Amino acid sequence: MTNVGGQTGARRGHPGRWKVAFVTLLVFGVLGAVGWVLLGSRLLVVRTVEVTGTELAPRDRIVAAAGVRLGVPMVRLGTEEARARLERLREVESATVERRWPTTVRIVVRERVPVAVVERGGRFYRLDRHGVTVADGATRPSGLPELVTGSPGPSDPATLAALRVLGELPGRLAPRVAEVRATSAESVTLRLSGGPLVVWGSAERTEEKARLLDALRRTAAGRSARIIDVSSPEVVTTR
């Protein structure tokens with residue numbers, strides 16, 4: 001009886017081992033198929049690249065900088081590496097690169113916005129609020145005030161002070177600025193188109209200074225002044 005029972009148990013154990021082997025092979029088969037679809041087949045590869053947010057930088061330059069190539073398996077696309085490459089472009093302030101399954105890559109660019117122009121050697125360089133050059137050309141762009149400083153750039157305190165003043169001016173005043181000049185971070189002056197030279201001083205208390213200038217410009221003395229000094233809001237002077 002014991003012998004017979006042992007043989008029966010052994011015979012019953014074989015189907016269990018076969019099931020384990022079958023399930024294992026099935027799992028490996030599924031994983032292999034998934035890996036082939038993701039990495040080896042032509043089913044999930046980059047077929048379309050969408051680019052939005054570009055104006056200064058051409059679309060082809062954005063795609064080339066991102067390093068996104070058609071036909072590359074989507075899973076192999078390094079989105080963070082592509083983003084970092086894009087943000088090294090001078091026109092780009094920030095970017096995102098996303099997979100849109102099954103076959104689309106979407107690039108969203110936030111470009112730097114020019115706020116002033118610098119003339120050097122017959123060329124005109126457009127600077128953003130951080131003093132970064134975003135574009136240049138042989139023709140002066142319209143609608144941007146000229147920035148005059150000793151060493152215009154993102155590490156120059158005078159440049160940053162002048163650009164901060166421009167960025168904080170109210171909408172009614174900003175379009176009237178034809179030139180912003182800074183010999184230091186505490187010595188910013190504005191020249192208004194068709195108007196006076198405004199001694200602004202530092203970039204502090206811009207809102208208060210703008211309000212005083214606006215009120216003064218409504219008076220006869222303000223309209224006839226060649227120079228208005230609002231560098232010390234407690235004592236506004238005209239000449």
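Treat the numbers as computed from the prediction; the structure is a model and nothing was measured.
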To the nearest 0.5 Å, how far apart are [atom1] in [X] and [atom2] in [Y]?
| X | Y | atom1 | atom2 | value |
| --- | --- | --- | --- | --- |
| Arg106 | Thr52 | CZ | OG1 | 4.5 Å |
| Leu190 | Leu173 | CG | CG | 7.0 Å |
| Ile62 | Leu89 | CD1 | CG | 5.5 Å |
| Leu169 | Arg164 | CG | CZ | 11.5 Å |
| Leu192 | Leu197 | CG | CG | 8.5 Å |
| Leu163 | Thr149 | CG | OG1 | 8.5 Å |

Review point. Does some side-chain heavy atom of Val199 sit less than 4.5 Å from a side-chain heavy atom of Ile228?
Key: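 No - every pair of side-chain heavy atoms lies 4.5 Å or more apart.
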Review point. With a 4.5 Å limit on heavy-atom distance, are the side chains of Thr133 and Val118 in contact?
Key: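 Not touching, per the 4.5 Å side-chain cut-off.
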Check your understanding: More than 12 heavy atoms of other residues, nucleotides or ligands under 6.0 Å from CZ of Arg120: is that the case?
Key ->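 Counting neighbours around CZ of Arg120, more than 12 heavy atoms of other residues, nucleotides or ligands fall under 6.0 Å, so yes.
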Exercise for review: Report the C-alpha separation of Glu93 and Arg129 in whole Å, then their side-chain angles, then the decisive distance to 0.1 Å, and conclude whether the salt bridge (charged side-chain N to carboxylate O under 4.0 Å, His left out) test is met.
Suggested key: CA-CA 11 Å; Glu93 184 163 346; Arg129 60 194 176 100; 3.1 Å; yes
Exercise for review: Name all pairs fulfilling the salt bridge (Lys or Arg N to Asp or Glu O under 4.0 Å) condition that reach into residues 180-196, sequence neighbours left out, sorted by first residue then second.
Suggested key: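 Of all non-adjacent pairs touching residues 180-196, those that pass salt bridge (Lys or Arg N to Asp or Glu O under 4.0 Å) are Glu179-Arg181.
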Practice item. Please collect all salt bridge (Lys or Arg N to Asp or Glu O under 4.0 Å) contacts where either partner lies in residues 227-239, sequence neighbours excluded, each pair once. Key: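 Output for this query lists Arg205-Glu234.
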Please answer whether the main-chain N or O of [Y] pairs with a side-chain N or O of [X] as donor and acceptor at a distance below 3.5 Å.
| X | Y | value |
| --- | --- | --- |
| Ser193 | Arg176 | yes |
| Glu208 | Pro233 | no |
| Arg99 | Leu77 | yes |
| Lys209 | Ala203 | no |
| Arg140 | Phe124 | no |
| Arg85 | Ala65 | yes |

Exercise for review: May I ask you to decide whether Glu91 forms a salt bridge with Arg61, counting only side-chain N to carboxylate O separations under 4.0 Å?
Suggested key: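 Here Glu91 pairs with Arg61 in a salt bridge, since their nearest N and O are under 4.0 Å apart.
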Check your understanding: Is the closest basic N to carboxylate O distance between Glu80 and Arg83 below 4.0 Å?
Key ->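 Arg83 and Glu80: salt-bridged.
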